Undergrad: 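The following block contains the structure, expressed as structure tokens.
What's counted below: heavy atoms across the whole structure, side chains too, no hydrogens, waters or symmetry copies. Predicted model only: the values in this text are computed from it and were never measured.
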Amino acid sequence: MNPKVSLVIGILCISFSPIFVKLAGVSPIGSAFYRVFVAWLCLLPYCIIKSKLRIEKKQLLIAITAGIVFASDVAVWNISLLKISATVSTLIANLAPVWVGLLSFLVLRKRSGMLFWMGTLVALAGMIVLVGYQHILHLELNVGILLATLASLFYATYILITKNIMARIDVFTFMFYSMLSASVFLLFVNKLMGGNIVDFSMRVWLCFVGMGLICQLTGWLTINYSLRYLESTKVAIALLSQTVFAGLLAVFLLNEKLQVNEIAGSVIVLAGIAVTFLKPSLVIIK
């Protein structure tokens, strides 16, 4: 499969996550646990039949670490939603592309290029338009903002970790062990917070299955596949578009209405993402 097509499919799949969370109407931490756990259960028989469980010790440690980082991102971001508004929390949590670019330069000594930073600035401007500049101007430094910022750092770290390992390991093997560690971690967080993980209605269970099969299994399998071939910085900025697609899905599935600023912001975000995927042209001087 074309890596860019795989990335688009993955982004579309994870865009359903907030839809399922809203339809479920239960603890966001509990939703996060079942999103990962259901996907892992579905992956288990395939990995056993296809002998996908063999893994080197170093790769296992990286996969477990990546799973815990991913789970931490989901858990911390969901907790921040309890402290500040969803729009502000989402905006801050989506700063991951900036961190990926900075960490790639500072740690990996990799230059992302002018087009990446131009596209990043355009996409971030679109995010500000989408959520409303007034939310930015009235921010106060509190626990919720700090948690959302931490979530964006976890998100960026996960992308960098998976990029380094995906070229040397089978996608299904990596997902099996990373989702297993993520499930255990989120189960522990749920237990710590005293959340309900058993007593749910059939509608909620169906939402959990949807999260697991669509958002986690299909979504992150295709995204991790794209990370084998695409630059982690470009994947990070492309993942910003999930906010746009989630908004469009909410219009059709939740009967929510998009405001003018949301439409304009979405267009700007997508334009910024497109810029990062452009290839600089060579200038020949005669």
Undergrad: With a 4.5 Å heavy-atom cut-off, do Ser226 and Lys4 have their side chains touching?
TA: no
Undergrad: Do Val74 and Leu41 sit in the same hydrophobic cluster, where Ile, Leu, Val, Met, Phe, Trp and Tyr count as joined when their side-chain heavy atoms come under 4.5 Å apart?
TA: yes
Undergrad: How many angstroms lie between atom OG of Ser6 and atom CG of Asn2, to the nearest 0.5 angstrom?
TA: 8.5 Å
Undergrad: Hey, can you pull the donor-acceptor pairs under 3.5 Å for the side chains in residues 169-194, sequence neighbours left out?
TA:
from   : atom 1 : to     : atom 2 : distance (Å)
Asp170 : OD1    : Lys52  : NZ     : 3.1
Asp170 : OD2    : Phe172 : N      : 2.9
Asp170 : OD2    : Thr173 : N      : 3.2
Thr173 : OG1    : Lys52  : O      : 2.7
Tyr177 : OH     : Leu53  : O      : 2.5
Ser178 : OG     : Phe174 : O      : 2.9
Ser178 : OG     : Met175 : O      : 3.3
Ser181 : OG     : Ile64  : O      : 3.1
Ser181 : OG     : Tyr177 : O      : 3.4
Ser181 : OG     : Ser178 : O      : 2.8
Ser183 : OG     : Met179 : O      : 2.8
Asn190 : OD1    : Gly30  : N      : 3.2
Asn190 : ND2    : Ile29  : O      : 3.2
Asn190 : ND2    : Leu186 : O      : 2.9

Undergrad: Specify the closest pair of heavy atoms between Gly219 and Thr222, including all atoms of both residues, with the distance to one decimal.
TA: O-OG1, 2.8 Å
Undergrad: So, taking the atom named CG in Asp73 and the one named CG in Leu153, what distance separates them when rounded to the nearest 0.5 Å?
TA: 10.0 Å
Undergrad: Nearest heavy-atom pair of Ala39 and Gly212: which atoms, and what distance?
TA: CB-O, 3.3 Å
Undergrad: Output all residues satisfying ring-ring contact (aromatic ring centres under 6.0 Å, His included) with Tyr225, sequence neighbours left out; order by chain, then residue number.
TA: Tyr229
Undergrad: Taking atom SG of Cys47 and atom NZ of Lys50, what is their separation to the nearest 0.5 Å?
TA: 11.5 Å
Undergrad: Which label fits Trp40 and Phe37: parallel for a plane angle under 30°, tilted from 30 to 60°, or perpendicular past 60°?
TA: parallel
Undergrad: Measuring from atom CD1 of Ile62 to atom CD of Gln59, what distance do you get when rounded to the nearest 0.5 angstrom?
TA: 7.0 Å
Undergrad: Measure the spacing between CD1 of Ile14 and CD1 of Ile223 and express it to the nearest 0.5 Å.
TA: 4.0 Å
Undergrad: Should Leu217 and Trp205 be counted in the same cluster of Ile, Leu, Val, Met, Phe, Trp and Tyr side chains packed under 4.5 Å apart?
TA: yes
Undergrad: So, do Arg35 and Trp220 sit near enough that their side-chain heavy atoms are less than 4.5 Å apart?
TA: yes
Undergrad: How long is the span from the SG atom in Cys13 to the CG atom in Leu213, to the nearest 0.5 Å?
TA: 10.5 Å
Undergrad: Please find out if less than 6.0 Å separates the ring center of Phe208 from that of Phe200.
TA: yes
Undergrad: Applying side chain to side chain contact (heavy atoms under 4.5 Å, CB included) to Ser31 and Phe20, what does each step give before you reach the verdict?
TA: CA-CA 9 Å; Ser31 296; Phe20 284 123; over 6 Å; no
Undergrad: Measure up the Phe70 and Tyr158 rings against each other and bin them: parallel (under 30°), tilted (30 to 60°), perpendicular (over 60°).
TA: tilted
Undergrad: Is Val209 linked to Tyr46 within one hydrophobic cluster, defined over Ile, Leu, Val, Met, Phe, Trp and Tyr using a side-chain heavy-atom separation of less than 4.5 Å?
TA: yes
Undergrad: Is there a path of hydrophobic side-chain contacts, each under 4.5 Å between heavy atoms of I/L/V/M/F/W/Y residues, joining Leu206 to Val198?
TA: no
